[in-house]
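Read through the structure below, which is laid out as structure tokens, and then see the notes.
Every heavy atom of this structure was used, including side-chain atoms; hydrogens, water molecules and symmetry mates were not.
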2 protein chains.
Amino acid sequence: MTQVDVRQRILSDNATAAAALRSRFAATHTLVLNLISSPGSGKTALLEATVRALSGRLRLGAIEGDIATERDAERLRALGIPAHQILTGGSCHLDARQVSGALETHDLGPLDVLFIENVGNLVCPTSYDLGEDFKVALLSVTEGEDKPFKYPSIFAKAAVTVVTKADLMPYVSFKLDDASGQIAALRPGGTMLVTSAVTGQGIAEWCGLIEERLAAKRGAAS
Amino acid sequence: MTQVDVRQRILSDNATAAAALRSRFAATHTLVLNLISSPGSGKTALLEATVRALSGRLRLGAIEGDIATERDAERLRALGIPAHQILTGGSCHLDARQVSGALETHDLGPLDVLFIENVGNLVCPTSYDLGEDFKVALLSVTEGEDKPFKYPSIFAKAAVTVVTKADLMPYVSFKLDDASGQIAALRPGGTMLVTSAVTGQGIAEWCGLIEERLAAKRGAAS
């Protein structure tokens, strides 16, 4: 079996596990988002702001992926939502079987929205379907506007791109129009939001998007 | 052949190619640095500042790794040094055979220092020896001080960690002492430098380190 064969088998096994997850989430009418970005782009900070805004109205939960440390799950549990940390050891991404396993062993209870925060990595998580409704790519303004064309696969696959840390825009040379043009070229019809977890910019719009997608999923199911 | 067998064979083949590169660099007395960080941590900006400071005194060259775009090599060529871009397609890291291949097909001329800027990724490049003298991990202050313990392998393997974007320290909550403690725990005896390519902070110290390591390599060879 060659390297290519092994990779194809891994992705094929993952697709099977992801399909089972998707059926499970359809049965419970749970909207599932798979958040992907570089390390330190602000995935957990965005989720903290989201929990503060939505947890009174919706039942939220999170699965956190990291190589090491329980830190991200602890940050979300501190805000009162169920959050389970998957430690991948050395692995650079979450796969569908890890998510299934986590849900079997750690009951997060009935959820309206499940956030899966992937390992910080703009490359490897892109190929692994986790049974999500859609992928969300995050891009912080401090990373530079050249990243979509340098990492095209994730920005093509993500239905939503969230630009983060907009409060730092005055201190860095981030060309928003340039980033926006690249994202639109890679994902025609996709959505881009500009946010700051510090100032709250764009958080209402982001939460509105989540509520709309949840309503659409439930409408489609009924 | 299982997934584990395939991975072991890949790493074993890589080690063979890396040993050949190391012999080649020893013969030419070229100091080689393998720079690894998240996307957007400022690897190319650090190299630009390094080229401005050192290119009058040393013969510098660069190999740039990216999924897509020639942008980073173009930025360095614009400063007058030879730079070759390796496009990895979908691959999340450089391997030693790619570096060998690049040096065969694109002669960078005689070099005192070769910088290999890896694909932006804190995980996958860690396992691939490229024949370098040492690995350099970059951590920008905007990423947060929790990253060393979240991505321990690279901070353990890197002889030098360069904290970047120190000019943004006033605008973010980055605990330098905390980061420094994690890095020292993961790599006892390693070196940590705090830099800004914008203000020039730490660049002289960084360039001094490169000149010292080059002198030490040449001293050891003579």
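The part of Ile10(A) that comes within reach of chain B is its side chain, from C-beta onward, which places non-hydrogen atoms under 4.5 angstrom from that chain. For Pro39(B), the parts sitting under 4.5 Å from any heavy atom of chain A are the backbone and the side chain alike. For Lys150(B), the parts lying under 4.5 angstrom from a heavy atom of chain A are both the backbone and the side chain. With a 4.5 Å cut-off on non-hydrogen atoms, Thr142(B) touches chain A through its backbone and its side chain both. Only the side chain of Glu145(B) comes within contact range of chain A, with at least one heavy atom under 4.5 Å from a heavy atom of that chain.
The salt bridge (charged side-chain N to carboxylate O under 4.0 Å, His left out) pairs that include a residue from residues 33-53 of chain B are Glu48(B)-Arg75(B), where partners are two or more places apart or lie in different chains.
Annotation: maximal heavy-atom pairing with chain B below 4.5 Å, among Val198(A), Ile67(A), Leu139(A), occurs at Ile67(A). Put simply, of Gly120(B), Ser91(B), Ala45(B), the one with the most heavy-atom pairs under 4.5 Å next to chain A is Gly120(B). Each of Lys165(A), Arg7(A), Arg71(A) has some count of heavy-atom pairs under 4.5 Å with chain B, and the biggest count is that of Arg71(A).
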Working for side chain to side chain contact (heavy atoms under 4.5 Å, CB included), residues Thr69(B) and Asp146(A)
CA-CA 9 Å; Thr69(B) 87; Asp146(A) 57 346; over 6 Å; no
Between Cys124(A) and Cys124(B), does a side chain to side chain contact (heavy atoms under 4.5 Å, CB included) hold up when you go through it step by step?
CA-CA 9 Å; Cys124(A) 313; Cys124(B) 313; 3.3 Å; yes
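Residue Arg97(A) qualifies as open at atom CZ: its count of foreign heavy atoms under 6.0 Å is 12 or below.
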